[in-house]
Protein chains: 2
Amino acid sequence: MSATARVPQGERTRAMRARLLEATVDLLVEKGFSGTSTTLVSERAGVSRGAQLHHFPTKNALVVAAVEHLTEIRGSDLERAAAALPDGEDRTVAVLEMLGDHFSSPVFTAALELWVAARTDPALLEAVAPLEQRVGRETHRLTVELLGVDESRPGARELVQATLDLVRGLGLANTLGDDTRRRRRILAQWAVTLDAALDAAPATKKAAATKKKETTS
Amino acid sequence: MSATARVPQGERTRAMRARLLEATVDLLVEKGFSGTSTTLVSERAGVSRGAQLHHFPTKNALVVAAVEHLTEIRGSDLERAAAALPDGEDRTVAVLEMLGDHFSSPVFTAALELWVAARTDPALLEAVAPLEQRVGRETHRLTVELLGVDESRPGARELVQATLDLVRGLGLANTLGDDTRRRRRILAQWAVTLDAALDAAPATKKAAATKKKETTS
DNA sequence: AAACAAACAGTCAAGCCTGTCTGTAAATGG
DNA sequence: CCATTTACAGACAGGCTTGACTGTTTGTTT
C-alpha cells in the first residue's frame, strides 16, 4: 500500500530536462558547439541515451531548448546584477562594468557559440534570432533605465546602442584570454566620455534625480 | 632540350596551396568551421584528396595555413581601404565606416569562425592568438594614424581601443543578418562623440593639420 | 637518359555522431 | 489492482570525417 506515487512524473520530467539543459550549456562553454555531441551531453548529465532521446527527440530540439534556457538565465542574471548596483556617484562606471562583466561571463560564451553556429544553421537561426532580439531589446531598455538616459534627445539612443555593441565586442575579445584589466580601463574612459556626451545639452533630461556631474578635471 | 621545365614545381605548389586556402576560407564563411570538412575543401578547390593530403597532411595544418592566409588578406584589405579614404572634412566618419565595413565583411566572418573555434581547440589557439594580436596591434596603429590621434593624451588610447572593440561588436551583430543601416547611424553618432572627446583639450595635438570642428550645434 | 624526388590520384579502415528500434520499469487512472 | 501511458535503458545501423596507404605522373638532377 505504501507503494503509491513516490515521485510524481511532472517532477521527474522537470529534473531530467533541467539536468540535460545544464549539461548542454556547460558543454557549450567547455567544448564549443560542435564539440557538444548528444552522447557527451547524456554522459555529462548522467542520463541514459534513451531517456535523453525521450525528452529531446533530436539534437535540434535539445539545442533549441538550451537556447531558451540560456535566454532565461541571461535575463535573470542581468536583472540580478542590475539590482545589486550601488547608487553612489560612479553610477555610470558601475553600470558599464556590470554590462562588461555580463558579456564576459560563461553565459555569454555559451550564447556566442550558439550565435555563431546559428549563422550557418537555418533551424538554429530560427530559434536564436527572435530570442536574441528580445534579449537585445530588454538589455537596451534596462541600460536606458539604469543610466537615466533621455532617449528623446538626438543621438542618445545611438550612444546606448554603441555602448552595448562595445561591451559585446569586449566580450568577444575576452574569449581568447582574460581581458579584464584592459576592459576596465576602456570602460572607465568610456564612462567619462559617455557622461559628457549625454550631459552635453541636458534639455529636459529627467535625470534631474541623478546628481549631475561636472567631473571633468 | 626544349622539354625542360614546363611548369616549375614551385609554381604548381603555390597555385595548389592557394586554391586550397581560398576554398577553405570560402567554406568557413559558407558552412562555418565545423562544416568545413577536408573532403569539402578538396572538392571545392578541385583538388584530389591525395594532393590535398600531400600539401597539408592534417586538417590542422590546413586550417593553420588558412589562418595565416586570412591574416594577410585582412592586413592588405585594411591598408587598401585606408588608402582609398577621402581626405575631406568628414574624415572621422569615413574612417569609422571603413572599419565598420571591414569588420562586417566575409573576411571578418571567416576570422570569427576561427576565433570561436580556437577558444576550445588548443592547437588552433596557438596559431590564432599571436596572429590576431598582431592584426589587433596593426589595426590600432592604423586607426591612430588615420584619425591623427595624440596618444600621449590621457584617455586617447582607450578611446581608440573602444572604437575598435565597438566595430568588432558591430561585426558580430552583423553576422545574424544585415545590420548596415543601424551600423551607419551608430557610427555617425560615435564619430561626433569621439571627435568631441579627442578635441576636448587639444594640448599639443599634432592634428593641427586636420581641420578642427566645432560641430556641436 | 636514367635515377630520384616531388606532386598528384583515389581507395580504405577506424572512429564518432545521430537517430531508430526494441525492451523494461515506474506511475497514473479507473 | 489491473490496464495504459509515460519514463527510462541500451543496442544498432547509416552516414560522414579524417588520415593512412598504394599507385601513377611529372619535374629535377647529374
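Basis for what follows: all heavy atoms, side chains included, without hydrogens, waters or symmetry-related copies. Letters A, B, ... mirror the listed sequences (proteins, then strands); counts begin at 1.
Between C/dT18, D/dT17, C/dA7, one nucleotide has an atom nearer to the side chain of B/Thr39 than all others, and that is D/dT17. For B/His54, counting side-chain heavy atoms from C-beta on, the closest listed nucleotide (D/dA9, C/dG19, C/dA7) is C/dA7. Ranking C/dG10, D/dC8, D/dT17 by closeness to the B/Arg49 side chain, first place goes to C/dG10.
Here OG of A/Ser48 is found 10.5 Å from NE2 of A/His54. Values are rounded to the nearest 0.5 Å. Summarising the geometry, atom CG belonging to B/Leu70 is positioned 9.0 Å from atom CD belonging to B/Glu132; distances are rounded to the nearest 0.5 Å.
Rounded to whole Å, the distance from CG on B/Leu40 to C1' on D/dG15 is 14 Å. Atom CZ of A/Phe56 and atom C1' of C/dT20 are 19 Å apart (whole Å). Rounded to whole Å, atom C1' of D/dT25 lies 12 Å from atom CE of B/Met16. One interatomic measurement links the two molecules: CZ of B/Arg17 to P of C/dA6, which rounds to 15 Å at whole-angstrom precision. Rounded to an integer number of Å, the gap from CG of A/Asn60 to P of C/dG19 is 8 Å. Distance A/Gln52 CD to D/dT6 P: 20 Å, rounded to the nearest Å. Atoms CD (A/Glu43) and P (C/dC16) sit 11 Å apart, rounded to a whole Å. The nearest whole Å value for the distance from the CZ atom in A/Arg14 to the C1' atom in D/dT6 is 17 Å.
Look at B/Ser48 and you won't find any side-chain N or O under 4.0 angstrom from OP1 or OP2 of C/dG10. At least one side-chain nitrogen or oxygen of A/His55 sits closer than 4.0 Å to the OP1 or OP2 atom of D/dC8. Contact check, B/Thr38 against D/dT17: no side-chain N or O comes under 4.0 Å of OP1 or OP2. Between B/Thr13 and the phosphate of C/dA7, there is a side-chain N or O to OP1/OP2 separation shorter than 4.0 Å.
The 12-atom threshold is not exceeded at CD of A/Glu126, counting heavy atoms of other residues, nucleotides or ligands nearer than 6.0 Å.
Across B/Leu62 and B/Thr24, no two heavy atoms sit closer than the pair CD1-OG1, 3.6 Å.
A donor-acceptor contact under 3.5 angstrom links the side chains of A/Thr180 and A/Asp178, judged on distance only.
Where A/Thr36 and B/Leu53 meet DNA chain C, the nucleotide closest to each residue was compared, and B/Leu53 sits on the side nearer the 5' end.
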